[in-house]
Amino acid sequence: MDSLSITDNRTGKTYEVPIHYGTFPKYGASIRGADLRNIKVAEDDFGLMSFDPAFVNSASCKSSITFIDGERGILRYRGYPIEQLAEQSNYMEVAYLLVHGELPTKTQYDTWVHAITHHTIVHESMKEVFHGFHYDAHPMTMLISTLAALSSFYPASRNVADPEVRMLQIYRLLGKVITLAAMAFRHTMGLPYVMPDNDLSYVGNFMNMMWRMAECRYTPNPVLERALDVLFILHADHEQNCSANAMRVVASSQCDPYCSAAAAAAALFGPLHGGANEAVLKMLRQIGAKDKVNQFIKDVKERKALLMGFGHRVYKNYDPRAKVIKRLAEEVFEVTGKNPLIELAVELERIALQDDYFVSRKLFPNVDFYSGIIYEAMGMPSEYFTVVFAVPRMSGWLAQWQELILDPDQKIARPRQVYTGVAIRDFEPIEKRQAK
Ligand code: ACO
């Protein structure tokens with residue numbers, strides 16, 4: 001076995017630490033953090049830890065779901081390149097692939113779609129939960145809360161060790177997330193909620209629940225339905241990102257998947273993660289015109305602003321999802337008419353990619369740079385964009401959850417800390433204390 005020899009210069013002792021590999025030796029080489037604990041100055045020492053705020057160089061799990069090569073701009077689900085899936089597959093098939101590890105046969109696919117479709121209806125009381133939200137509540141806050149509220153309807157879901165119970169919750173969460181997301185949209189718009197139509201596709205049904213008005217039957221526009229389906233494929237999973245990590249951390253306490261998914265959605269809400277799609281539109285509106293782009297880039301370089309939708313912890317190349325989305329925008333605009341913000345976004349990208357600030361830091365457009373422009377052209381308000389990200393990401397969160405439960409290496413997630421506070425002091429009664 002390959003190993004690392006570490007000499008502790010405090011004691012002169014040398015330790016052999018085994019090196020472990022994943023599928024690709026080039027990317028997955030790691031040492032076990034716990035092996036460092038043997039490195040001590042004295043027998044009663046705690047032992048050495050690795051200090052890694054924000055997990056910039058720590059693997060929290062072994063995973064066989066998603067592979068990213070950030071240097072080369074590669075993304076694969078279960079080994080399949082994202083470009084092939086976006087071109088040839090559909091979201092329901094990709095969700096099956098993420099959860100089960102293989103593409104479904106025709107029979108498996110039909111059973112999967114049937115089960116998810118027949119779990120789209122939510123309990124009638126959920127309407128009361130929605131009625132409790134203020135008229136201008138952010139749709140993500142409604143989605144996060146109602147995902148957690150599902151837990152109260154399905155207490156048996158806490159039995160996470162039972163594979164059948166787990167699969168039932170996977171069907172329910174994949175089915176109900178489109179209904180809850182659409183209810184959040186209708187609440188924002190002040191419109192009555194729409195029942196699912198089980199004759200439509202998964203995405204078509206989501207569109208139906210968002211946009212059906214007085215017509216007897218909603219028929220989704222096939223170009224927009226396919227575009228949204230491709231966007232769902234692109235957003236389905238992204239290995240150990242902030243929200244997947246939140247899902248895993250919360251679920252590691254054996255919490256039920258509804259509360260864990262609510263935690264994951266909360267992590268996605270932040271503007272540095274899935275909330276960036278909303279922030280990009282705000283930024284483009286603030287810039288306002290192509291001739292203001294240079295000034296905005298100057299502000300970014302002077303650290304007065306962030307170029308939202310640019311940069312990524314893992315990608316140091318063009319995000320492959322952003323490439324597909326940029327192409328998709330043209331197809332959507334054929335139906336909806338051009339969103340004028342696209343020209344501003346393209347100009348911003350062009351100038352940024354010529355500028356040494358962005359080139360030297362390897363900052364490229366990420367998945368959120370162009371997606372909001374498409375959602376807006378389809379008729380969604382910007383506060384709703386992160387909800388449309390969360391809907392397909394549910395399949396990734398559930399795949400990560402299932403993998404965590406089945407992984408014998410996993411325990412409750414509980415990081416260490418490096419304590420830097422006061423060592424010890426005596427308690428003082430309140431009347432003797434001085435303000436510090
Ligand atoms: N605009 C301007 N400068 C940036 C940007 C940006 N969008 N992103 C990174 N930088 C700079 C940083 O200031 C830093 O510069 P320095 O080394 O001179 O201090 C350098 O590039 C490295 O960036 P970090 O912040 O260290 O990178 P990190 O991996 O911690 O952050 C993140 C990644 C959060 C995505 C960051 O690039 C960012 O804030 N981007 C804008 C928000 C965004 O688009 N988020 C969506 C990401 S995709 C997703 O989550 C679905």
Side-chain angles (χ1 to χ4, degrees), residues 86 91 137-144 177-189 191 194 201-212 218 220-236 238 243 265 268-271 273-287 308-310 319 321-346 348-349 365-395:
Y91 171 66
H138 194 291
M140 266 310 271
T141 63
M142 292 190 261
L143 181 68
I144 293 163
V177 71
I178 46 171
T179 313
L180 296 179
M183 286 173 89
F185 181 81
R186 303 287 289 197
H187 183 87
T188 302
M189 296 294 176
L191 292 167
V194 175
S201 71
Y202 185 80
V203 168
N205 203 356
F206 179 44
M207 293 167 77
N208 160 58
M209 288 191 278
M210 275 194 293
W211 288 319
R212 192 177 134 208
Y218 176 84
N221 177 295
V223 175
L224 300 187
E225 186 182 8
R226 176 62 191 155
L228 208 47
D229 199 63
V230 173
L231 285 163
F232 276 19
I233 294 172
L234 299 175
H235 285 86
H238 213 233
S243 56
L268 190 75
F269 187 20
H273 191 12
N277 51 18
E278 181 183 344
V280 168
L281 270 272
K282 209 178 276 172
M283 171 189 77
L284 292 174
R285 289 228 158 73
Q286 271 164 7
I287 298 172
M308 299 311 288
F310 255 66
D319 183 333
R321 301 168 299 173
K323 269 189 201 158
V324 179
I325 293 176
K326 201 175 169 186
R327 281 200 301 272
L328 205 60
E330 296 307 324
E331 289 167 34
V332 170
F333 296 158
E334 294 271 316
V335 177
T336 61
K338 201 167 200 164
N339 184 339
L341 291 177
I342 187 81
E343 280 169 10
L344 196 49
V346 169
L348 196 51
E349 178 192 329
N366 59 49
V367 69
D368 287 322
F369 193 65
Y370 288 106
S371 60
I373 296 174
I374 301 186
Y375 298 143
E376 188 173 79
M378 286 181 175
M380 299 176 201
S382 57
E383 310 82 64
Y384 196 62
F385 299 167
T386 313
V387 173
V388 190
F389 188 155
V391 167
R393 184 52 65 88
M394 184 59 72
S395 57

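All values derive from a computational prediction rather than experimental measurement.
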* To do: With side chain to side chain contact (heavy atoms under 4.5 Å, CB included) as the test, would you mind laying out the steps for Glu343 and Lys338 before giving the verdict?
  => CA-CA 9 Å; Glu343 280 169 10; Lys338 201 167 200 164; 3.6 Å; yes
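The main-chain N or O of Tyr218 is never found under 3.5 Å from a side-chain atom of Asn208 such that the two would form a donor-acceptor pair.
Judged as a salt bridge (Lys or Arg N to Asp or Glu O under 4.0 Å), and not counting sequence neighbours, Glu383 has no contacts. For Tyr91, the side-chain hydrogen bond (donor to acceptor under 3.5 Å, both in side chains) test picks out Ser395, with sequence neighbours left out. Annotation: side-chain hydrogen bond (donor to acceptor under 3.5 Å, both in side chains) contacts of Ser243 (sequence neighbours excluded): Asn241, His273, Trp397. Every residue two or more places apart in sequence or in another chain that forms a side-chain contact (heavy atoms from CB on, under 4.5 Å) with Asn366 is listed here: His312, Asp319, Asp368. With sequence neighbours left out, the ring-ring contact (aromatic ring centres under 6.0 Å, His included) criterion links His235 to Phe389.
Between Val332 and Ala227, the shortest heavy-atom contact is CG2-CB, 3.5 Å. Scanning both residues, Pro139 and Tyr384, for their nearest heavy atoms gives CB-CD1, 3.9 Å. Taking all atoms of both residues into account, the shortest heavy-atom contact from Met210 to Phe185 is O-CE2, 3.3 Å. For the pair Ala181 and Val387, the tightest heavy-atom approach, listed with the atom from each and the gap, is CB-CG1, 3.5 Å. Shown here for Ser201 and Glu225, the closest heavy-atom pair between the two residues is OG-OE2, 2.5 Å. Shortest non-hydrogen contact noted between Leu234 and Arg321 is O-CD, 3.3 Å.
Every pair passing side chain to side chain donor-acceptor pair (under 3.5 Å) that includes a residue from residues 274-287 is listed here, sequence neighbours excluded: His138-Glu278, Asn277-Thr386, Arg285-Glu376.
Leu228 is not listed as a side-chain neighbour of Leu224, based on a closest heavy-atom distance of 4.5 Å or more. The closest side-chain heavy-atom distance from Val280 to Leu341 is not below 4.5 Å. Side-chain contact between Phe232 and Met394 is absent, with no heavy atoms from C-beta onward closer than 4.5 Å. Residues Val391 and Tyr202 form a side-chain contact, since some pair of their non-hydrogen atoms from C-beta on lies under 4.5 Å apart. Contact annotation: the side chain of Val388 never approaches that of Leu231 to less than 4.5 Å [non-hydrogen atoms, C-beta and beyond]. Two residues are said to be in side-chain contact when any heavy atoms from C-beta on lie closer than 4.5 Å; Lys326 and Glu349 meet this criterion.
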